[in-house]
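Below, each value reflects all heavy atoms present in this structure, side chains not excepted, and no hydrogens, waters or symmetry copies.
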Amino acid sequence: MILALMAITAMALHAVELDTLQIQHVDGNGRTQQGILICNKAIANDLREIFAELYKAKYPIERIRPISEYDNDDERSMRANNTSCYCYRVVEGSTKLSKHAQGLAIDINPLYNPCVRRKKDGTLLIQPATGKPYVDRTKSFKYKITTQDLCYRLFMQHGFRWGGAWRSLKDYQHFEK
């Protein structure tokens, strides 16, 4: 009985209420596109407001599609520069569920804003692997998120944290609540 109660409690802690948002955005060619974003209901209104402001400013976002359109393969989605939120996965190298698995994190234009981590042997792990040309943040290129960027400022105003400010790794695409 106690084990069953513990199992039910653990399941309840991991229950996530998701919402599906229709997001208008401007692609890199200046054309209006309709995207689909799956997120936790707790951040849905924040994302609606942020993306409405980004759209109004014609901020370029290449595509916004559910990760399921990439067979739930995060690397494939990132290589396609796909902005997405919900993706059921653990934090790499751990058994802890990621903020993406809770629908509380979003990756914006991930190809151009890669996640970069130095491994113990000194080599760099770059995700997506094709994002290597965009690791040098002193270079100028489209879709780059910086602290001066409208995307960054809007997410900060809504109480998100940016992975590009982390010390242990740099996840330039990542915003979480």
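What you find for K144 and R137 is that their closest heavy atoms are NZ-O, 2.9 Å. Minimum interatomic distance between L47 and C85 (heavy atoms only, all atoms of both residues): CD1-SG, 4.5 Å.
Counting heavy atoms from C-beta on, the side chains of N113 and I108 never come closer than 4.5 Å. At least one side-chain heavy atom of K177 sits under 4.5 Å from a side-chain heavy atom of D46. Looking at Q33 and R63, their side chains never come closer than 4.5 Å, going by heavy atoms from C-beta outward.
Within a 6.0 Å sphere centred on CD of Q34, heavy atoms belonging to other residues, nucleotides or ligands number more than 12. Applying the 6.0 Å contact sphere to NZ of K96 captures no more than 12 heavy atoms from other residues, nucleotides or ligands.
Looking only at atom types and distance, the side chain of S84 has no donor-acceptor partner in the side chain of Y70 under 3.5 Å away. Inspection of the D107 and H100 side chains reveals an N or O donor paired with an N or O acceptor under 3.5 Å.
The aromatic rings of Y112 and Y134 sit tilted relative to each other, their planes meeting at an angle between 30° and 60°. In this pair, F175 and Y152 present their aromatic rings tilted. The plane angle is within the 30 to 60° band.
In this structure, the separation between OH on Y143 and CG on N109 is 6.0 Å, given to the nearest 0.5 Å. Taking CD1 from I106 and SG from C151, the interatomic distance works out to 8.0 Å, rounded to the nearest 0.5 Å. Taken to the nearest 0.5 Å, the CD1 atom of I126 stands 5.5 Å off from the CG atom of L124.
In this structure, S94 has no side-chain hydrogen bond (donor to acceptor under 3.5 Å, both in side chains) partners at least two apart in sequence or on a different chain.
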